[in-house]
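Here the structure comes first, spelled out in structure tokens, and everything after it is commentary.
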Amino acid sequence: MTTTITRRQFTQRGAALLLTAMVPKGLFGSAQSSKRVVIRADSEIGLVRPEFHSHFAEHLGSCIYGGIWVGKNSPIANINGYRKQAVEYLKELGVPVLRWPGGCFADDYHWRDGIGPAEKRAKRVNIHWGNYVEDNSFGTHEFLEFCRLIGAEPYLAGNVGSGTPEELRDWIEYCNYPSGSALADERAANGSKEPFGVRYWGVGNENWGCGGEMRPEEYAAHYRRYTVYTRNFGNTRLYLVACGPNGNDLRWSRGVMEALAGRMPNGFSMHYYEGGSDPAVKFSVEAMKTQLASFAAVEQALIQQRALLDTYDPNRRIGLILDEWGVWDRMDPQEERTNGRLWQQATMRSAVAAGLGLNLFNRQADKLFMCNIAQMVNVLQSVLLTDGPQGQRCVRTANYWAFMLFKLHRAKTAVRVETEGALPPQPAGPGLRREIVLDLSVSASHKDNELVISFVNPKHDADMQVDCALRGVSAQEASAQILTHKDYNACNAFDAADTIVPRPHAARIEGGSRLLLDLPAMSVATAALKVA
Ligand code: AHR
């Protein structure tokens with residue numbers, strides 16, 4: 001996490017730092033606030049697992065149908081039914097893991113409905129997302145082929161709420177058993193002779209809510225029973241994910257861990273959405289500040305949930321997974337009718353939110369296994385938007401570019417960052433009204449001769465001059481990219497798709513031990529430094 005230190009400590013530690021007044025005027029404008037940061041390349045946190053940048057796609061609105069999948073006979077350019085533009089953009093971004101088919105949908109999904117000849121598949125009602133008829137034309141094979149196309153590892157969410165242990169057991173055998181069993185042969189007859197080798201399996205989704213409204217001990221009993229029948233087949237070792245809390249619900253986590261009675265899952269999944277009280281493109285300053293400030297509570301939740309897991313699992317064998325996160329703004333009913341449920345525009349504010357999230361994952365790298373943004377296309381904080389399910393156009397949102405800016409951190413080791421005057425994560429307590437303080441957010445990672453530093457300025461009304469002291473490395477050169485827009489409600493519209501895109505940004509190394517750069521209001525920037 002960001003370590004908070006006083007100005008005095010800061011000055012003592014960062015001996016090479018100069019006072020703000022000495023910052024060259026040519027680089028920094030005059031009316032900016034100065035921020036001093038120490039990058040402790042000599043103090044490692046943990047691996048930035050590429051899986052922190054994973055995604056989630058649900059049968060909801062136009063995420064799957066119309067977003068990812070347009071069908072083979074569609075006039076929209078497609079690769080065997082997958083929207084071509086989406087495949088290309090996602091491949092370029094790199095999606096480490098993709099979770100499917102829900103969400104709430106997962107605990108009402110019966111996988112057998114989605115295999116075999118498409119025209120014979122059962123038509124079911126999607127009860128969670130509008131009672132529309134789901135024709136199951138996108139099923140297991142279509143999902144796994146999509147993962148193959150974009151280079152993502154699949155993560156299947158099993159049905160506990162309305163399913164059976166047998167159903168989950170059979171789905172695993174269908175996907176992973178090499179050959180010779182009835183289920184493996186059925187898979188081969190349906191087009192995949194080779195096993196899919198799916199490693200990640202969710203044992204239910206939000207079983208405290210749409211996945212069955214269970215109490216923790218009830219869910220734990222289901223988990224124990226379901227996982228008696230799950231098996232590793234061939235070379236695939238299963239990674240089973242138990243349902244964790246809603247936000248920072250410690251009562252749920254403790255209750256589940258107690259009642260699991262030693263049957264430890266491989267992963268424990270929490271969900272944390274950052275709500276917004278305004279429609280995506282019409283945020284007021286107050287609503288935006290409240291939403292962006294909620295990332296401090298997310299960071300606090302990760303710390304507390306990990307600490308609780310540690311009491312049951314001191315060697316941290318259980319991976320803490322945040323497999324649904326992202327901004328959830330107020331929906332516009334008209335937009336939802338036209339474009340699908342939970343269709344949400346992505347603005348400069350959402351990009352800043354993405355940057356805050358990705359920064360905090362780096363800072364908590366030692367506590368996390370995987371994080372999945374909700375959702376991939378057209379739903380909530382998506383990286384791609386299409387102009388309706390029938391729309392030809394597909395744009396990369398500001399979120400897409402924020403993820404792109406963090407790609408350089410993947411597989412590097414996160415290192416500590418000290419930010420002068422930064423506040424520790426402060427969750428809002430019941431009945432507490434706290435002044436919302438948004439400040440510079442920073443994270444850094446290091447590998448071989450590269451040091452990568454990401455910065456987020458979440459203030460809408462203040463530019464920042466950032467002065468970083470580099471500890472434990474000596475830097476030779478730096479290059480930076482920035483995502484920024486003076487209107488925080490601006491977005492990549494279909495007729496102005498490049499409104500918010502990364503641009504090269506000035507960043508200067510001084511004396512091998514300082515990095516200087518400007519951060520305009522509402523910006524996300526990443527600097528890559530060649531270091532020795
Ligand atoms: O992402 C939308 C919904 O949010 C998911 O279906 C559910 O898991 C969560 O409540």
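Both ligands and their constituent atoms are indexed starting at 1 by order of listing. We use all heavy atoms of the structure for the numbers below, so side chains are in, but hydrogens, waters and symmetry mates are not.
By the side-chain contact (heavy atoms from CB on, under 4.5 Å) test, P333 pairs with R337, sequence neighbours left out. Under the ring pair (Phe, Tyr, Trp, His ring centres under 6.0 Å) criterion, H271 pairs with no residue at all, not counting sequence neighbours.
Within ligand 1, the atoms closer than 4.0 Å to a non-hydrogen atom of N205 are 8 (O), numbered from 1 in the order shown. The atoms of ligand 1 that sit less than 4.0 Å from any heavy atom of F56 are 1 (O). Interface of Q375 with ligand 1, defined as ligand atoms under 4.0 Å from a residue heavy atom, comprises 1 (O), 2 (C).
With H59 as the partner, the ring pair (Phe, Tyr, Trp, His ring centres under 6.0 Å) test is satisfied by one option alone out of F143, W100, W129: W100.
On a distance-only criterion, W328 and ligand 1 share no N/O pair closer than 3.5 Å. Geometrically, ligand 1 and C104 share a nitrogen or oxygen pair separated by less than 3.5 Å.
Of the charged side-chain nitrogens involved, at least one lies within less than 4.0 Å of a carboxylate oxygen, so that R349 and D329 count as a salt-bridged pair. Remark: R148 engages E145 in a salt bridge, criterion side-chain N to carboxylate O under 4.0 Å. A salt bridge does not link R254 to E258: none of the charged side-chain nitrogens sits closer than 4.0 Å to a carboxylate oxygen.
Nearest protein neighbour of atom 10 (O) of ligand 1, counting heavy atoms only, is E206 OE1, 2.7 Å. In terms of protein heavy atoms, atom 8 (O) of ligand 1 is closest to E324 OE2, 2.8 Å. Remark: minimum distance from atom 1 (O) of ligand 1 to any protein heavy atom is reached at Y273 OH, 2.7 Å.
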Check step by step if side-chain hydrogen bond (donor to acceptor under 3.5 Å, both in side chains) holds for T236 and N176.
-> CA-CA 7 Å; T236 307; N176 293 354; 4.6 Å; no
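The proximity of E58 to ligand 1, defined as any non-hydrogen pair under 4.0 Å, is limited to the side chain. At a heavy-atom cutoff of 4.0 Å, ligand 1 is contacted by no atom of V379, backbone or side chain. Here W129 has side-chain heavy atoms under 4.0 Å from ligand 1, and that is the only part of it that gets that close. For F105, no heavy-atom contact with ligand 1 is shorter than 4.0 Å.
A cation-pi arrangement is found for R49 relative to F369, the charged atom lying closer than 6.0 Å to the ring centre and inside a 45° cone about the ring normal.
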